[in-house]
Amino acid sequence: MKKIILASGSPRRRELLAQIGYTFEVVTSGKEEVYQSTEPQEIVKELALLKAKDVAEKTASDREEDCGRIIIGADTVVAHEGKILGKPKDKEDAARMLEALQGDAHDVYTGVAVICYDKEGQEEVISHAVQTKVYVDVMTEEEIQSYIATGEPMDKAGAYGIQGRFAAHIAKIDGDYYNVVGLPVSYIYKVLREKI
């Protein structure tokens with residue numbers, strides 16, 4: 001079986017990949033996240049590939065080893081009204097993001113880049129973006145401040161985690177729930193099933 005390497009330090013991504021039964025190594029990318037694209041679905045694909053290629057270079061020792069590796073890179077963004085919402089800088093930034101998202105819909109995009117090496121050591125790159133539309137209930141100022149006080153939004157794009165306390169404010173989603181958590185596991189499973 002080929003060695004699977006996850007190019008992400010995200011605990012959520014590690015949990016999700018393990019949840020579908022894969023054993024893997026984690027090697028994080030130290031590359032600065034710089035991109036040329038302007039559309040969210042292209043930005044996440046570009047960043048996922050950047051991470052995967054960086055880890056592929058870090059873990060390549062010889063041609064023989066390359067024949068048995070699959071590297072998975074991923075990147076997730078929250079986009080609202082054409083703007084990407086990253087991780088909040090502070091509590092005020094988190095409040096601003098949550099006020100914008102409440103009572104409205106937004107999109108979550110996860111880009112996935114899978115780099116596979118065949119028996120000749122040739123590289124094959126599979127790149128894809130998954131989109132999920134998330135609808136957030138109307139929230140009071142008190143609910144927003146109470147959620148921020150938990151500390152949960154401070155390390156999450158869009159200032160919320162669907163798998164945490166913010167679940168109470170999600171009206172519905174259209175698409176893959178796990179994509180919003182940070183890794184579209186159904187898509188990953190289908191790719192790995194073909195490549196392992």
Test side chain to side chain contact (heavy atoms under 4.5 Å, CB included) on D174 and T132 and set out the steps. CA-CA 6 Å; D174 288 335; T132 303; 5.9 Å; no
Would you name the heavy atoms of V185 and I20 that are closest together and state the gap between them?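 Scanning both residues completely, I find the closest heavy atoms to be O-CD1, 3.8 Å.
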Of the non-hydrogen atoms in H128 and V130, which two are nearest, and what is the gap between them?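 Heavy-atom minimum between the residues: CD2-CG2, 3.6 Å.
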Is there a donor-acceptor pair closer than 3.5 Å between any side-chain N or O of E152 and the backbone N or O of R165?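 Side chain of E152 to backbone of R165, a donor-acceptor pair under 3.5 Å: yes, one is there.
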Is it true that the side chains of [X] and [Y] contain a donor and an acceptor less than 3.5 Å apart?
X	Y	result
T76	R13	yes
R14	S8	no
E141	Q145	yes

Determine which pairs satisfy salt bridge (Lys or Arg N to Asp or Glu O under 4.0 Å) with at least one residue from residues 104-117, sequence neighbours left out, and list them in order. D107-K133
So that I can tick it off, tell me whether [Y] and [X] are bridged by a salt bridge, with the cut-off set at under 4.0 angstrom between side-chain N and carboxylate O.
X	Y	result
K45	E42	yes
R96	D93	yes
E57	K31	no

Working note: K51 + D75, criterion side chain to side chain contact (heavy atoms under 4.5 Å, CB included); need CA distance, chi angles, decisive distance, verdict. CA-CA 9 Å; K51 293 173 184 179; D75 193 80; 2.7 Å; yes
Hydrophobic clusters here meaning ILVMFWY residues chained together by side-chain heavy-atom distances under 4.5 Å, can you tell me if [X] and [Y] are in one?
X	Y	value
I170	I148	yes
M154	M97	no
I173	L85	yes
I70	L16	yes

Does the pair I188 and L183 meet the rule for a side chain to side chain contact (heavy atoms under 4.5 Å, CB included), with working shown? CA-CA 8 Å; I188 295 278; L183 195 67; 4.1 Å; yes
Between H106 and Y160, how do the two ring planes meet: parallel, tilted or perpendicular, split at 30° and 60°?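 The rings of H106 and Y160 stand perpendicular, inter-plane angle above 60°.
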Specify whether F166 and Y147 have parallel, tilted or perpendicular ring planes, treating 30° as the upper limit for parallel and 60° as the lower limit for perpendicular.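 Tilted: the ring planes of F166 and Y147 meet at 30° to 60°.
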Answer yes or no: are there more than 12 heavy-atom neighbours, outside Y109 itself, under 6.0 Å from its atom OH?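 Atom OH in Y109 is packed in, count exceeds 12.
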side-chain contact (heavy atoms from CB on, under 4.5 Å) with R69: of V55, T59, I4, only one passes, and it is T59
Among V180, N179, V108, whose side-chain contact (heavy atoms from CB on, under 4.5 Å) with I162 holds? V180
Quick one: do Y187 and D176 satisfy side chain to side chain donor-acceptor pair (under 3.5 Å)? Show the steps, please. CA-CA 10 Å; Y187 174 76; D176 183 345; over 6 Å; no
